[in-house]
> 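Take this structure, written in structure tokens, and hold onto it; I'll ask about it next.
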Amino acid sequence: MILGQLIEELNVKKVYGSLDKEITGVCFDSRKAAPGAIFTAVKGTVSDGSEYIDAAIQAGATAVICSNIPDNPNPDVTYITVADTAEALGEVASAYYGKPSERMIVVGVTGTNGKTTIATLLYKLFKRLGHKTGLLSTVCNMIDDEEVPSTHTTPDPVELNALMARMVERGCSRVFMEVSSHAIDQKRIAGLWFDGAIFTNLTRDHLDYHKTMEAYLKAKKSFFDNLPATAFALTNADDRNGIVMLQNTKANKYTYSVTSMADFKCKIKEHSFEGMLLSINNIEASLGFVGKFNAYNLTAVYGAAYLLQVKPQEIMVALSALSPVSGRFQKVTSPDGKLAIVDYAHTPDALENVIDTINDIRLENPKYGRLITVVGCGGNRDKGKRPIMAKTAAQKSDNVILTSDNPRFENPSDILKDMTAGLDEALMKKVLVIENREQAIKTARTMAATNDIVLIAGKGHETYQDIQGVKHHFDDREQWTVDN
């Protein structure tokens, strides 16, 4: 692509050099620069891309997008200055790959909890209805039937547009994607055209990055603020921040709810560990999902599908044939017949929702015994949620085993000390601290009677444990089902 065409929609401040040159690739990592590439010097959370301009040029980059032209510019290189390099990267990546988001229906899902479930169920629903469909999620990316490993909830702009371009080539007409607060704040979705957005909820998470709940909320809201007038904005009316998302959006506004009036209203008629009987906008169906939080997820999916012109009855029939997302309230039975629920819950609110769901079902069915919860907290993340999660688990469970999650570069024992700081003497009597996660799960299985329920929370679908920068194979589901 000719450089002049590539940057024609950018808000360019100054150009040094020729715009009449062929660009063969887009990058923001100097290590990925190649002959003929355009390098964008983005200021990241760890380093400033402007420090790597020379390295990118040495690797063959012939054009550079930056904030300021260097003091000694290379005469063979074109320098383009812009006010916001992160935004420019998204715009250029989109243009280079042929603006793929404008050639499909793109729906983004944002919020603290529920993003993966909603995006994945929408993908599965439209696949079931016969559409070639794409998915960009925490668990995996899908180009119709092809699985592409996922490294981030929302990929960087270059990978994002490259994946979308492959979806267009494959004939995908729709793509459903998770939109994380980090991605919004870092402008990873700049240059994308969204046809719809869904807001799930906002509870404490990522404060290690955003610092305050206000900043976290602002990031989510900006996604809705920037939607085009032709898009739909679908929000959770039962979340106190739900209506905030709609305040300044130009998009068409819709709401969904389980407890109040909304455009898409759900009622839970029956629930058990096998699933729920739901009524959504007065259409009933038995669905293989458990918990009030999943009632919200399913109602959001129903609302989005309806807004994408699927008939109500078709939606409910399709939903009744779908199964839960991997690692989200996933039932696993040990060889000796003991039931565990494996769930990704890694925030105080998500943990409380899962435990409340289990306890509601236990109350209605006397055959179930104790609830034993195994939970930890990730390292190098928001420390403030650690004592809250431990307290929630201890208050709402019969027994608790606190253990390691993904310690990353922290000492697991320090994380566990932060967790136990939230427990008084009475709650500590219900708690065991077992740092080794494998041993913690084995202990829970030994403790549990056949009619007890064990919740293993925090990692869900993950098949690794992140320790000192190394990902070691570890799967909670495997640990529960291994034949001791």
Side-chain angles (χ1 to χ4, degrees), residues 1-3 5-10 21-42 44 49 52 56 59-65 80 82 84-109 115-116 119-120 123 127 131-180 182-184 186-195 223:
M1 194 171 188
I2 300 301
L3 179 57
Q5 296 174 316
L6 189 62
I7 67 162
E8 63 185 9
E9 292 186 21
L10 286 189
K21 58 175 66 172
E22 185 79 23
I23 296 299
T24 59
V26 179
C27 66
F28 63 97
D29 183 336
S30 61
R31 294 166 296 185
K32 295 182 180 179
I38 182 169
F39 172 74
T40 303
V42 177
Y52 301 95
T62 56
V64 173
I65 296 175
I80 301 142
V82 295
D84 189 330
T85 54
E87 192 167 307
L89 174 63
E91 297 280 359
V92 167
S94 174
Y96 181 79
Y97 285 102
K99 298 185 178 178
S101 66
E102 296 181 20
R103 297 161 69 185
M104 299 180 289
I105 291 170
V106 182
V107 177
V109 187
K115 296 187 296 295
T116 301
T120 305
Y123 162 80
K127 284 283 292 173
H131 301 281
K132 288 183 178 289
T133 308
L135 171 68
L136 295 163
S137 83
T138 303
V139 176
C140 70
N141 301 316
M142 298 296 298
I143 302 172
D144 197 30
D145 293 321
E146 179 193 350
E147 184 173 335
V148 180
S150 174
T151 55
H152 291 82
T153 298
T154 311
D156 66 68
V158 179
E159 184 186 356
L160 191 49
N161 282 279
L163 283 167
M164 284 192 174
R166 288 174 62 190
M167 291 174 189
V168 171
E169 288 172 13
R170 199 68 59 83
C172 293
S173 58
R174 294 158 176 77
V175 57
F176 301 100
M177 64 179 288
E178 294 185 52
V179 179
S180 69
H182 291 70
I184 299 166
Q186 295 167 10
K187 311 283 179 72
R188 284 187 235 157
I189 57 171
L192 297 188
W193 180 271
F194 284 92
D195 298 278
F223 175 43

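Treat the numbers as computed from the prediction; the structure is a model and nothing was measured.
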> So do the side chains of Leu192 and Val106 get within less than 4.5 Å of each other, counting heavy atoms only?
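They are not in side-chain contact.
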
> Minimum heavy-atom separation for Arg188 and His182, please, with both atom names.
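Result for this residue pair: NH2-CB, 3.4 Å.
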
> Are the side chains of Met104 and Arg174 in contact, using a 4.5 Å heavy-atom criterion?
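Counting from C-beta outward, Arg174 and Met104 never come under 4.5 Å.
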
> Got a second to check how far Glu91's CD is from Asn161's CG, nearest 0.5 Å?
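Between atom CD of Glu91 and atom CG of Asn161 there are 10.0 Å.
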
> Could you tell me which non-hydrogen atom of Trp193 sits nearest to which non-hydrogen atom of Ser101, and how far apart they are?
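Reported closest heavy-atom pair: N-OG, 2.8 Å.
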
> Which residue pairs pass the side chain to side chain donor-acceptor pair (under 3.5 Å) test when at least one of the two sits in residues 21-33, sequence neighbours left out?
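Side chain to side chain donor-acceptor pair (under 3.5 Å) check on residues 21-33 returns Lys21-Thr78, Asp29-Arg31.
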
> For the backbone of Val42 and the side chain of Thr40, can you confirm whether one donor and one acceptor N or O come within less than 3.5 Å of each other?
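A pair under 3.5 Å: no.
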
> Do Val109 and Thr116 have side chains that get closer than 4.5 Å, going by heavy atoms?
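They are not in contact (no side-chain heavy atoms under 4.5 Å apart), so the answer is no.
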
> Looking only at non-hydrogen atoms, find the nearest pair between Cys140 and Ser150 and report the distance.
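That would be CA-CB, 3.7 Å.
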
> Can you name the closest pair of heavy atoms from Cys172 and Gly134 and give their distance?
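So the minimum-distance heavy-atom pair works out to SG-N, 4.0 Å.
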
> More than 12 heavy atoms of other residues, nucleotides or ligands under 6.0 Å from OH of Tyr52: yes or no?
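At most 12 heavy atoms, drawn from other residues, nucleotides or ligands, come within 6.0 Å of this atom.
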
> Flag the pair Leu89 / Val26 as yes when at least one side-chain heavy-atom distance between them is below 4.5 Å, and no otherwise.
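When only atoms from C-beta onward are counted, Val26 and Leu89 do touch, with a gap below 4.5 Å.
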
> Take Leu10 and Ile65 through the side-chain contact (heavy atoms from CB on, under 4.5 Å) test and state the conclusion after the steps.
CA-CA 10 Å; Leu10 286 189; Ile65 296 175; 4.0 Å; yes

> Measure the shortest side-chain to side-chain distance between Thr138 and Lys115 over non-hydrogen atoms and say whether it is less than 4.5 angstrom.
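The answer is no, as the side chains (C-beta and beyond) never meet within the 4.5 Å cut-off.
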
> Can you confirm whether Leu3 sits close enough to Ile80 that some side-chain heavy atom of one is under 4.5 Å from a side-chain heavy atom of the other?
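SC-SC contact between Leu3 and Ile80 confirmed.
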
> Can you tell if the side chain of Tyr96 reaches within under 4.5 Å of the side chain of Ile38, non-hydrogen atoms only?
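Side-chain contact under 4.5 Å: no.
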
> Assess whether salt bridge (charged side-chain N to carboxylate O under 4.0 Å, His left out) is satisfied between Lys127 and Asp144, documenting all intermediate values.
CA-CA 8 Å; Lys127 284 283 292 173; Asp144 197 30; 2.6 Å; yes

> Can you tell if the side chain of Val158 reaches within under 4.5 Å of the side chain of Cys27, non-hydrogen atoms only?
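The answer is no; the side chains never approach within 4.5 Å.
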
> Return the CG to OH distance between Leu135 and Tyr123, rounded to the nearest 0.5 Å.
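Result: 7.0 Å between the selected atoms.
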
> Of the non-hydrogen atoms in Met164 and Leu136, which two are nearest, and what is the gap between them?
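Shortest heavy-atom separation between Met164 and Leu136 comes out as CE-CD1, 4.1 Å.
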
> So, for Leu160 and Met177, which heavy atoms are closest and what is the spacing to 0.1 Å?
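So the two residues come closest at CD1-CE, 4.0 Å.
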
> Working to the nearest 0.5 Å, report the span between CG of Asp145 and OG1 of Thr133.
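Atom-to-atom, Asp145:CG and Thr133:OG1 are 9.5 Å apart.
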
